[in-house]
Amino acid sequence: MPWWAPILLTIGLLGLMLILQLVTVTAVTIGEIMLLGRDPDSTTLSPLMLLAVNLSLALTGVIAAVLTRIVAKVPLRTLLAAPHRPSAGRLGTCLTIFTLLVLAALGISELLAPQPQSISGVALTGTTIGLLAVALLTTPLQAAGEELLFRGTIMPAISSWVRPVRPALVLGVAVSTVLFGISHASIDPWLLAYYTVFGLSMAVMAIISKGLEAPIAFHVANNVVMMAIGSVFNDGAELTLDRSVGMGGPFMLTFIALDLLAVGVVWLIERRRNVSSLNAE
């Protein structure tokens, strides 16, 4: 890339991400206030708001891929995986394993630090059904969009400033990871640490597997399971995403450990695949 291209892509795409979310959520908020009598001071997340956020992030990822194709001449296939072709089998395998790991981590976290939600908080309302439907149908698109943006575009773009491979990887991983953590808008040290380790884990997965299938699978499994459980165990109400100081805590160590374990799983999968390829030859 020309030296200016990574700056243009990074600043432009992050700005676009924020603008799209602001515009779509504001439009939904105004519509719900006018048509549904929503409290203007409410900060909860309705099904329509969740839909707006998810689709705006998915659209940002698509635009990131298109701009990378135009600016860097990198086709989508290469953006998703190189030198091998994008693999649905690799994606499906990782998605299955990671879903089980996320569920296990939630169970362990609940045993170590029980949360206020419990089985008594389950209520099947229209809001619950709406949130579940949106989470299951569009959260995978949101997760894939973030991976296309941060690991598919920003990480290799920043890396292009340095020629030697290893220093280039370190630079790209560091910058994309910091930006990913900051983009989640939390100053709680525990939450910020979690988001940063999550982003770092996605970057390392992409490097190990030479593609975005594994990070997309883990991102999808993590977000879909978290959103689905959060929707069900919420007394039938809208979601509250509070990232303020004090919302994190030592219990986040379970999920940080999950991120690191997922990296190890990807390494084992790729190692086994490489050994199988050598044996086949």
Side-chain angles (χ1 to χ4, degrees), residues 1-22 53 56-58 60-61 63-65 67-68 71-72 74 79 142-212 214-216 218-220 222-223 226 241-250 252-253 255-264 266:
M1 288 188 186
W3 67 267
W4 49 265
I7 300 175
L8 176 65
L9 284 172
T10 300
I11 296 177
L13 288 170
L14 291 178
L16 176 66
M17 178 184 71
L18 293 175
I19 291 171
L20 285 176
Q21 289 189 69
L22 179 63
V53 171
S56 66
L57 288 170
T60 303
I63 294 173
L67 288 180
T68 304
V71 175
V74 178
L79 191 70
Q142 167 262 320
E146 287 194 51
E147 290 308 311
L148 283 171
L149 172 61
F150 286 98
R151 262 63 67 178
T153 297
I154 293 178
M155 184 172 76
I158 297 297
S159 296
S160 72
W161 277 335
V162 180
R163 256 182 210 287
V165 174
R166 290 183 180 178
L169 286 176
V170 170
L171 178 64
V173 168
V175 173
S176 63
T177 296
V178 169
L179 291 176
F180 180 81
I182 293 174
S183 71
H184 285 78
S186 176
I187 58 174
D188 179 89
W190 285 101
L191 289 176
L192 183 57
Y194 166 71
Y195 290 126
T196 302
V197 173
F198 187 90
L200 176 62
S201 299
M202 299 300 98
V204 175
M205 285 182 194
I207 293 169
I208 291 173
S209 63
K210 300 181 177 63
L212 296 183
I216 286 175
F218 187 63
H219 208 146
V220 169
N222 182 81
N223 287 17
M226 296 292 186
L241 297 181
D242 190 352
R243 294 171 177 169
S244 59
V245 176
M247 295 309 297
M252 298 300 300
L253 290 173
F255 301 104
I256 290 175
L258 168 66
D259 298 341
L260 301 178
L261 176 61
V263 173
V266 173

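Along the sequence shown, the residues carry numbers beginning at 1. Computation of the quantities below employed the complete heavy-atom set of this structure, encompassing side-chain atoms and omitting hydrogens, waters and symmetry-equivalent molecules.
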For residues 160-173, which side-chain donor-acceptor pairs fall under 3.5 Å, sequence neighbours excluded?
{"residue": "Ser160", "atom": "OG", "partner": "Ala157", "partner atom": "O", "Å": "2.5"}
{"residue": "Trp161", "atom": "NE1", "partner": "Trp3", "partner atom": "O", "Å": "2.8"}

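The CD1 atom of Ile11 lies 13.5 Å from the CG atom of Leu16; values are rounded to the nearest 0.5 Å. Interatomic distance, Leu149 CG to Leu67 CG, rounded to the nearest 0.5 Å: 10.5 Å. The CG atom of Leu200 sits 9.0 Å away from the CG atom of Asp259 when rounded to the nearest 0.5 Å.
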Test side-chain contact (heavy atoms from CB on, under 4.5 Å) applied to Leu79 and Leu148, step by step:
CA-CA 8 Å; Leu79 191 70; Leu148 283 171; 3.9 Å; yes
Could you go through the side-chain contact (heavy atoms from CB on, under 4.5 Å) check for Met17 and Ser56 one step at a time?
CA-CA 7 Å; Met17 178 184 71; Ser56 66; over 6 Å; no
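Minimum heavy-atom separation, Ala185 to Arg243: O-CB, 4.2 Å. Taking all atoms of both residues into account, the shortest heavy-atom contact from Leu192 to Gly181 is CD1-O, 3.8 Å. Between Gly248 and Met252, the shortest heavy-atom distance links the atoms CA-CG, 4.2 Å. Taking every heavy atom of both residues into account, Asp188 and Met247 meet most closely at OD1-N, 3.5 Å.
The ring-ring contact (aromatic ring centres under 6.0 Å, His included) check on Tyr195 picks up His184, with sequence neighbours excluded. Legend: residues meeting side chain to side chain donor-acceptor pair (under 3.5 Å) with Gln142, ordered by chain and number and at least two apart, are Glu146, Asn223. A search for side chain to side chain donor-acceptor pair (under 3.5 Å) contacts involving Thr68 returns Thr153, not counting sequence neighbours. Judged as a side-chain contact (heavy atoms from CB on, under 4.5 Å), and not counting sequence neighbours, the contacts of Met226 are Val102, Leu106, Asn222, Phe255.
Tyr194 has its side chain out of reach of Leu253: every pair of non-hydrogen atoms, C-beta onward, lies at least 4.5 Å apart. Thr60 has its side chain within reach of Leu20: a pair of non-hydrogen atoms, C-beta onward, lies under 4.5 Å apart. Residues Ile154 and Leu14 are in side-chain contact: their nearest non-hydrogen atoms beyond the backbone lie under 4.5 Å apart. Proximity of Phe218 to Met205: side-chain heavy atoms (C-beta onward) are separated by under 4.5 Å at one or more points. Two residues are said to be in side-chain contact when any heavy atoms from C-beta on lie closer than 4.5 Å; Phe150 and Thr177 fail this criterion.
Sorted by first and then second residue, the pairs that involve residues 148-159 and meet salt bridge (charged side-chain N to carboxylate O under 4.0 Å, His left out), not counting sequence neighbours, are Glu147-Arg151.
Aromatic ring pairs are classed by plane angle as parallel below 30°, tilted from 30° to 60° and perpendicular above 60°; the pair Phe198 and Phe180 is parallel.
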